[in-house]
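Here the structure is laid out as structure tokens; the discussion comes afterwards.
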Amino acid sequence: MPSSTPRIPDSLVGLAVPLADLVPYHRNPRTGDLASITESLDTHGQYKPIVVNKGTLTGRPGEILAGNHTARAARALGWDEIAVTWLDVDEDTAAKIVIVDNRTSDLAGYDTALLADILSDLPDLKGTGYDQEQLDELLDDDALPGPIELPTDGAGTGAAATVDYLQWGYLQWSSTRVRITQGEVELLDALYKKFVADHDSDMGFGWHVLNEEHEAEAGAGAGALA
């Protein structure tokens, strides 16, 4: 029997249930971007089911565990049905599912250069969750710095030094930029890769490097005083 909601694809029609039969999770800590989710549903339709607990063990039938904001967006669009996969779990398991579904999204990261490249290739940004200003910020973050005009003695050494500089590497904070050697670039790259592997994110990498250096200096100072 075909769904009354054309935005549910044929492969999910058999999973469609009335939205009126579903209720939000009673303690959902997530605050979703309802506008972006609504735009996605309106643009792409529903491309994956939401997850709902039957409630035999909790006493709350039809409680949404994953996809609470998707259901809200569907209601806002006037949908009557939504595709669902069903579980029947107890209170603790239901809570863990709600938390991990949100947490795994928080822990994920991006290859921002690749993301900017993909978004730039699209004919428009509708339904991506990004707008042009956000894409411009990604592109700005990924842009290479311009050459640094170093002092010259009139014999072209400044220009030559600029080229040589860009063949090696640099560190920059605020308006300060300093040259670093290839060996230092390789060391930073190794530290960065290890940090990301250990933390699943590069958030806090700069402070990590600075803090490790502070600890090393403190240790050396303590050794000298001993």
Side-chain angles (χ1 to χ4, degrees), residues 1-135 138 196 199-201:
M1 178 178 175
S3 169
S4 61
T5 305
R7 288 297 188 176
I8 299 178
D10 292 343
S11 58
L12 298 181
V13 165
L15 303 177
V17 302
L19 273 163
D21 293 347
L22 307 179
V23 296
Y25 185 68
H26 70 296
R27 298 181 69 196
N28 186 19
R30 188 68 162 185
T31 55
D33 187 341
L34 189 61
S36 293
I37 297 170
T38 303
E39 182 182 89
S40 174
L41 282 183
D42 192 40
T43 304
H44 311 298
Q46 186 185 7
Y47 49 81
K48 63 179 180 180
I50 66 172
V51 180
V52 179
N53 194 15
K54 291 182 179 179
T56 303
L57 304 175
T58 63
R60 296 186 301 276
E63 188 174 49
I64 302 169
L65 303 183
N68 279 278
H69 292 92
T70 299
R72 282 184 61 190
R75 288 190 177 99
L77 289 169
W79 291 19
D80 297 321
E81 295 178 317
I82 195 163
V84 166
T85 54
W86 293 92
L87 299 176
D88 198 6
V89 296
D90 61 19
E91 289 282 5
D92 291 345
T93 303
K96 288 178 180 180
I97 289 171
V98 171
I99 292 170
V100 75
D101 183 66
N102 294 325
R103 183 59 174 157
T104 49
S105 296
D106 295 338
L107 293 174
Y110 284 103
D111 179 333
T112 54
L114 180 57
L115 174 61
D117 188 50
I118 293 171
L119 290 171
S120 298
D121 286 343
L122 294 174
D124 61 72
L125 297 176
K126 185 178 181 182
T128 65
Y130 286 85
D131 58 26
Q132 189 60 50
E133 182 178 351
Q134 291 164 331
L135 173 55
L138 288 173
V196 172
H199 298 83
D200 292 324
S201 169

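Across every non-hydrogen atom of W86 and K54, the tightest pair is CE3-CG, 3.7 Å. Between I82 and A71, the shortest heavy-atom contact is CD1-CA, 4.1 Å. Across every non-hydrogen atom of L87 and L65, the tightest pair is CD1-CD1, 4.2 Å. The shortest non-hydrogen separation linking D90 to T58 is C-CG2, 3.8 Å. Heavy atoms only, all atoms of each residue included: L19 and A74 are closest at CD1-CB, 3.9 Å. Here the shortest heavy-atom pairing between I50 and A66 reads CB-O, 3.3 Å.
In this structure, R72 CZ and L22 CG are separated by 14.5 Å, a value rounded to the nearest 0.5 Å. Considering CG of L41 and CD1 of I8, their distance stands at 9.5 Å, rounded to 0.5 Å. We find the CG-OG1 distance between L115 and T128 to be 9.0 Å, quoted to the nearest 0.5 Å. Separating the CG atom in D131 from the CD atom in E39 is a distance of 9.5 Å, to the nearest 0.5 Å.
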What donor-acceptor contacts under 3.5 angstrom involve side-chain atoms of residues 118-127, with partners at least two apart or in another chain?
from : atom 1 : to   : atom 2 : distance (Å)
S120 : OG     : A116 : O      : 2.7
D124 : OD1    : K126 : N      : 3.0

Exercise answer: donor-acceptor pairs, residues 27-34 side-chain atoms, under 3.5 Å, sequence neighbours excluded:
from : atom 1 : to   : atom 2 : distance (Å)
N28  : OD1    : R30  : N      : 3.3
R30  : NH1    : D106 : OD1    : 2.7
R30  : NH1    : D106 : OD2    : 3.4
R30  : NH2    : D106 : OD1    : 3.4
D33  : OD1    : A35  : N      : 3.4
D33  : OD1    : S36  : N      : 3.2
D33  : OD1    : S36  : OG     : 3.4
D33  : OD2    : S36  : OG     : 2.9

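Listed for the E63 side chain is a donor-acceptor partner under 3.5 Å among the backbone atoms of H26. With hydrogens and angles ignored, the 3.5 Å screen pairs a side-chain donor or acceptor of N68 with a backbone N or O of I64. Between the side chain of T93 and the backbone N or O of V89 there is no donor-acceptor pair closer than 3.5 Å.
Ionic pairing of R7 and E81 is not present here: no N-O contact between side-chain nitrogen and carboxylate oxygen is shorter than 4.0 angstrom.
Contact check for K96 versus E91: no side-chain heavy atoms found under the 4.5 Å cut-off. N53 places none of its side-chain heavy atoms less than 4.5 Å from the side chain of Y25. A 4.5 Å side-chain heavy-atom check between P49 and L15 finds at least one atom pair inside the cut-off. For the pair L12 and Y47, the minimum side-chain heavy-atom distance is 4.5 Å or more.
Within a 6.0 Å sphere centred on CD of Q132, other residues, nucleotides and ligands contribute more than 12 heavy atoms.
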